[in-house]
Peer 1: 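The structure is given below, and queries will be raised subsequently.
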Amino acid sequence: MRPGERGRQGGFGGRGAMPPAPTHSRPCSPDDLSCTLQPVVRLNDRSPPLSPRMGGGRGECGECGGAPPEPGKVRKARRTTPPGVAALVKLSPIPQNDIIEREVEVGDTLSPGREADTADRTRNEDVGDVGVVVVSTLASPDDSTTTTTLTTATSVDWLPDELLIAVFALLPNHTLIVMVPTVCRRWRDICHTMHSVRLDLCALPPTSAIRLHTHTPRAIECLAGLAARFPSAVAVVLREWGGLTDDGVIALASALPNLTSADFTMCQQLTDRGFVALAMHCHRLTNVNFSCCGQMTDATTLALTTNCPGLSSVNFTICKRLTDQSVAALAAHCRSLTSVDFSWCAQMSTAALTALATHCPPLTSVNFTACDKLVDAHVIEFVSRCTRLLSIDFSWCTHLTNASVVAIAENCPRLTTVNFTSCEKLTDNAIVKLAEHCPRLTSVIMGYCVNLTDASVSALAEHCPRLVFVDFQGCSRLSDRIVETLAWNCPLLVHIDFLGCRVHADCMQVLLKQCPLLTTANGITGWRKPASP
C-alpha cells in the first residue's frame, strides 16, 4: 500500500478506521498556520534517525520538503518505502499501559475502539483513546530489528464535523463569516452545511471596502461571495448599510434561498425592485424589518403577501408611501401575523385596523405610532377581536380618548407594554381602569398626557407590582408623593422618567433603598446612577 492511502478495510483499522493525517503539496513554513502536519511518534528509542533523502529529516518536512515548524507546531513525517513491508510493533497506548503487538504495513490505521482482526497478535482489543496511523517501516540490514514510524490523531482535523459545527456556532459573527471559510477546504465545506446561521454583516467594520463602496460591482460580487459561503443561512442583517442598492439585495437573495429573517433597516437607497426580488427568491421569510426604507411602496408588500404567506412579523416604520392597501393585503394572505409595526406611516387609516381585526386575531403586538387618522370606534372594534395582545403602541394618535383605553383594558388583560404618549385627551379614569384590568404590565409610557394626576400613578403602583419601565415625562400635575408610592410597591423598577413634573430630590433616598435595580431616574434633582459593585 502506498504512503498516504487509507488503511485497508481488512487491516488494523477495520471498518470506520481513522484515515491518515491529511497531506498537502505546497511548501510549509514556520509561519504557515494552515499546515496540518502531525508529530512523529517513534516506537523504539534506539532506532536511527530518519534519513534526509527519505524525507522527514531534521531540515525538511516529510511531505513537502519545507522548513521545519517551530516548537509547539504540528508536523508529520512519511517515508518512501516499498509497500507490503511488515513489522511487529509494540504500542504503549494512551492512556493505557498495556503493550499491544501487531503486524502492520505502511498506510495501516490503528484506530481507537476497534477490534483486532484475526491476523493481529494482541493482548488488548483496542489501542486506547488516541488513533495511530502507520507511516513507515524500515528493517535493519540484518533484519534483526524493525523501526516503525507512526502519527497520532491529535490535530483538530480529526474532530468530527458535528463537533466543529458546534464550535463554529459559538464564534463571533465576523470571525465565522470572514475567517473560518478561508482556513481550509474542509472548514469551507462545513460552512456550506451549517444551518441556523445568522449573517450579521453589520459586524463588518464600517471602514471596510465592502461597506464603503457597496454600490460598486466588485463590492456586490464580494457580498454575494460572503453569502455563498453559507447557502443554508436563515437570517441576514444589513442594518444601516446606506450604500446598499437593489443589485446587492438581489445578489443576496439569489445566494440565500432559505432565509427566514431579513433586516434592512435604514437602507434608504433600496426600492421595490430589490424587495420584490427578495420576496420572489426567499419564500420562507417569516420576519422582515424594512424600517426607514422610505422609497418602498405597496408593491413590496403585495409581493411579500404573494410569495411569503408564512410572515409572522413585519416592521415598516417610517415607510410613508405605504397605504391601507398594504395592511389589507398582509392581513388577507398572512394569517400567521403576530407583530405589525406601521409607526409613522401617516397614510394609515381606520381601514387598516378593520382588516387586521377581521383576519389576524392571533396578533400579540401592534404599533401605529403617529397614525393620527385612527379614532375610537375602530380601535374598540380591533381590540374586541384581537384579545391576545401583549404590546400596544398608539402614541401620538391624538384623536383617541378614554373609550379606547377602557376597551383595551377590558379586552386585553395580558398586556405587558402600553404607550399612549401625547394622547392628550386621556384622563385618570382610563389609566385606573387599565391598571385594574392589566396587572401584568411591566412598561407604561404616558408622556405628555397632561391631564393625568397622582391617581393614575398610584393605581398603577397598587395593581401592577411588576413595573420595570415608567415614563410620565411632561405630566406636570404629578407630585413627589407618587414617586415614593412607586418605590414602595414596585421594587423591580429600572427606569423612571418624571422630567417636567413637580418631583424633587427628597424621594431619592427611598428610591435607592427600595429599588436596587434602578439605573435611570430622569427628572429627579440630584439623581446619580449608582456605581457598579
Side-chain angles (χ1 to χ4, degrees), residues 168 172-182 185 187-297 299-308 310-311 314-316 319:
F168 292 166
N173 207 264
H174 176 267
T175 303
L176 175 63
I177 297 172
V178 178
M179 302 178 67
V180 169
T182 63
R185 181 177 299 176
W187 285 23
R188 184 165 61 250
D189 292 342
I190 289 176
C191 290
H192 272 264
T193 63
M194 290 183 66
H195 297 281
S196 302
V197 175
R198 185 173 183 267
L199 296 182
D200 188 353
L201 300 182
C202 296
L204 299 178
T207 56
S208 61
I210 193 174
R211 294 195 66 170
L212 292 175
H213 309 286
T214 310
H215 60 284
T216 63
R218 176 57 179 164
I220 293 172
E221 182 182 346
C222 292
L223 195 61
L226 287 176
R229 295 174 177 178
F230 300 89
S232 299
V234 296
V236 62
V237 180
L238 287 95
R239 192 179 300 113
E240 298 182 11
W241 275 46
L244 184 66
T245 62
D246 293 333
D247 291 331
V249 175
I250 293 171
L252 286 171
S254 301
L256 303 171
N258 297 316
L259 282 181
T260 60
S261 176
D263 187 345
F264 294 99
T265 300
M266 294 189 68
C267 296
Q268 299 179 1
Q269 294 191 36
L270 298 183
T271 67
D272 290 331
R273 175 170 165 260
F275 293 128
V276 169
L278 179 71
M280 294 180 64
H281 285 90
C282 306
H283 302 289
R284 302 180 182 179
L285 282 173
T286 60
N287 186 337
V288 296
N289 188 341
F290 300 151
S291 57
C292 302
C293 296
Q295 300 189 53
M296 185 177 63
T297 69
T300 292
T301 56
L302 294 177
L304 286 170
T305 57
T306 302
N307 297 281
C308 309
L311 282 173
V314 295
N315 187 335
F316 298 112
C319 296

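Values below: every heavy atom of this structure, side chains too, minus hydrogens, waters and symmetry copies.
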Peer 1: Give me the atom names and distance for the closest heavy-atom approach of Ala227 to Leu256.
Peer 2: O-CD2, 3.5 Å
Peer 1: Write down the atom of Leu302, the atom of Thr305, and the distance for their closest heavy-atom approach.
Peer 2: O-OG1, 2.8 Å
Peer 1: What verdict does the side chain to side chain contact (heavy atoms under 4.5 Å, CB included) test give for Leu199 and Leu226, after you've listed the backbone C-alpha separation in whole Å, the side-chain angles of each residue and the deciding distance to 0.1 Å?
Peer 2: CA-CA 9 Å; Leu199 296 182; Leu226 287 176; over 6 Å; no
Peer 1: Is there a side-chain contact between Leu201 and Leu223 (heavy atoms, below 4.5 Å)?
Peer 2: yes
Peer 1: Any donor and acceptor pair, going by atom type alone, linking the side chain of Arg284 with main-chain N or O of Gly310 inside 3.5 Å?
Peer 2: no
Peer 1: Can you tell me how far apart CZ (Phe290) and OG1 (Thr301) are? Round to the nearest 0.5 Å.
Peer 2: 10.5 Å
Peer 1: Are Thr260 and Asn287 close enough that some pair of their side-chain heavy atoms sits under 4.5 Å apart?
Peer 2: no
Peer 1: Donor-acceptor check, side chain of Gln269 to backbone of Asp246, threshold 3.5 angstrom: yes or no?
Peer 2: no
Peer 1: Could you tell me which residues satisfy side chain to side chain contact (heavy atoms under 4.5 Å, CB included) with Ser254, sequence neighbours excluded, listed by chain and number?
Peer 2: Ile250, His281
Peer 1: If you take all heavy atoms of Asn307 and Ala279, which pair is closest and at what distance?
Peer 2: CB-O, 3.2 Å
Peer 1: Provide the closest heavy-atom pair for Met266 versus Cys293 in the form atom of the first, atom of the second, distance.
Peer 2: N-SG, 4.5 Å
Peer 1: Can you see which heavy atom on Pro231 is nearest to which on Asn258, and at what distance?
Peer 2: O-ND2, 3.5 Å
Peer 1: What's the shortest heavy-atom distance between Val276 and Ala299, and which atoms?
Peer 2: CG2-O, 4.1 Å
Peer 1: Would you give the length of the straight line joining atom CD1 of Ile220 to atom CZ of Arg218, rounded to the nearest 0.5 angstrom?
Peer 2: 12.0 Å
Peer 1: In Å, rounded to the nearest 0.5 Å, how long is the span from SG of Cys308 to CE of Met280?
Peer 2: 10.5 Å
Peer 1: Nearest 0.5 Å please: distance from the CZ atom of Arg198 over to the CZ atom of Phe230.
Peer 2: 14.0 Å
Peer 1: Keeping Asp200 on the side-chain end and Asn173 on the backbone end, is there a donor-acceptor pair under 3.5 Å?
Peer 2: no
Peer 1: Do any N or O atoms from the side chain of Arg229 and from the backbone of Ile177 form a donor-acceptor pair under 3.5 angstrom?
Peer 2: yes
Peer 1: For the OG1 atom of Thr271 and the CE atom of Met296, what is their distance to the nearest 0.5 Å?
Peer 2: 11.0 Å
Peer 1: Could you check whether any side-chain heavy atom of Leu285 comes within less than 4.5 Å of a side-chain heavy atom of Leu278, counting everything from C-beta outward?
Peer 2: yes
Peer 1: Give the ring-plane orientation class for Phe264 versus Phe275, where under 30° counts as parallel, over 60° as perpendicular and anything between as tilted.
Peer 2: perpendicular
Peer 1: Would you say Asp263 and Thr265 are linked by a side-chain donor-acceptor pair, where the criterion is simply a distance under 3.5 Å?
Peer 2: yes
Peer 1: Is the shortest heavy-atom distance from the side chain of Arg273 to the side chain of Asp247 under 4.5 Å?
Peer 2: yes
Peer 1: From Cys292 SG over to Arg239 CZ, what is the distance, rounded to the nearest 0.5 angstrom?
Peer 2: 11.5 Å
